[in-house]
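Only one structure is covered here, and it is reproduced in the block below.
The sequence lines fix the lettering, A, B, ..., with proteins before strands; numbering per chain opens at 1. Computation of the quantities below employed the complete heavy-atom set of this structure, encompassing side-chain atoms and omitting hydrogens, waters and symmetry-equivalent molecules.
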Amino acid sequence: MIRLQAESIRLEDLVQAVQDDAHGAVAIFLGTVRDHNIGRKVLYLEYEAYTDMAVREMEKIRDLALEKYDVGRIAIAHRSGRLEIGEASVAVVAASAHRAAAMEACRFAIDRLKETVPIWKKEFFEGGEAWIEGAGGPMRPV
Amino acid sequence: MIRLQAESIRLEDLVQAVQDDAHGAVAIFLGTVRDHNIGRKVLYLEYEAYTDMAVREMEKIRDLALEKYDVGRIAIAHRSGRLEIGEASVAVVAASAHRAAAMEACRFAIDRLKETVPIWKKEFFEGGEAWIEGAGGPMRPV
Amino acid sequence: MEVRFRLFASLSEKAGATEGTVTLPGNATVRDLWGELVSRFPALADTGFVPLVACDMEYAGWDSSLEDVAEVGFLPPVSGG
Amino acid sequence: MEVRFRLFASLSEKAGATEGTVTLPGNATVRDLWGELVSRFPALADTGFVPLVACDMEYAGWDSSLEDVAEVGFLPPVSGG
């Protein structure tokens, strides 16, 4: 299950989507909106996405993780639009027969998501607003 | 939050217990009962614990993880009694400001739990039943 | 040939546009398209970073040919998650 | 001195007991307590593994003194999770 969604992320739905009786180890990463960043008090965030490409990139990450790690299923959900403090912006869930693979696949997927998936965060903080620009990772041309 | 409980593990409660606005990265490991093990069809499990010591050992793991990793809070829940296929037997949840620490703390805690917490699993499979005895880990005297 | 462009996040704010089309010679590259966009939206001359490029939603380089490419996206370094 | 013992999982099944008390000389060790338990519950002579030991709910060694110890647990290799 790959989702770029305006609605709240429901963790139970994602766990349901990946878990089955043969894959008992489930690793989850959940990113939620923090109330501070580089010393500023954050009020809320807005996420913009290159929608179709973002979904394709998330599908690629899932497929690559399934290839690299001995996992059964992977689900990735990312929010779009406005998010309040404490809300989940992203969730990655990986299920496998043994725990190491699930945890490694989960980590791989969230690390890669932050490098390749075309989504941008705008931070609205006390006294202003700013687009957050990532490091860009290995894909960034020089 | 450390719990050895006869009731179902509710993931949302654990996430609620560790997450706060300053610790936006939440790593979760969930172990659920698989329907097979070493080639046998598993029907259900029963967990026995040295209750008070198990809680103490889980508290130690939490404290050690808080010391070793830059995490805000950690919650651990383990079931006791009879578990059906698909039910969660264990959940470890770690929250931190940045994702690497949460994921590393989560992994540390589940790995250590499986080595040190005095809980035993009895497997009821087609045609018999058997106590599962762990590798014992580094604590095992020789 | 005619190519559709997409701008995102700070790039679309700077340009005051999210998308449009540009007509270019047949042997044009992504770099030529960008040059055209900088003429059209002078604020893009100073982005503060080298944009990422996607041709038909696949990451591509600045010297990629635009032949058979319908849409080119210019992306700030991503910050999802 | 009197020490309480606890047996778990396959050990309690073998012994047919989960707990009890044993009276031992003042300088006794965990090993002495185990020897006493094997006499009382001969099935414990063959456990298939070396039990883990906990003195007052802290992991301890087989040569640990039982002085000031109220409870000793003998544990199969754990299999929680």
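- Of the two parts of B/Glu46, neither the backbone nor the side chain holds a non-hydrogen atom closer than 4.5 Å to a non-hydrogen atom of chain D.
- Both the backbone and the side chain of B/Lys121 come within contact range of chain D, with heavy atoms under 4.5 Å apart.
- A donor-acceptor pair shorter than 3.5 Å can be found between the side chains of D/Ser10 and B/Glu133.
- Ring geometry, B/Phe108 versus B/Tyr69: the interplanar angle falls from 30° to 60°, so the pair is classed tilted.
- Contacts of B/Ala130 with chain D are absent, with no heavy-atom separation under 4.5 Å from either backbone or side chain.
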>> Evaluate B/Phe124 against B/Leu45 for side chain to side chain contact (heavy atoms under 4.5 Å, CB included), listing each step before the verdict.
In response: CA-CA 6 Å; B/Phe124 294 79; B/Leu45 299 181; 5.9 Å; no

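- Using a 4.5 Å cut-off between heavy atoms, B/Tyr50 contacts chain D through both its backbone and its side chain.
- With respect to chain B, the highest number of heavy-atom pairs below 4.5 Å among D/Gly80, D/Ala9, D/Ala54 belongs to D/Ala9.
- Contact count against chain B (heavy-atom pairs under 4.5 Å) is highest for D/Met57 among D/Met57, D/Glu58, D/Arg6.
- The pair D/Glu13-B/Lys122 meets the salt-bridge criterion, since a charged nitrogen lies less than 4.0 angstrom from a carboxylate oxygen.
- A ring-centre distance under 6.0 Å is not found for B/Trp120 and B/Trp131.
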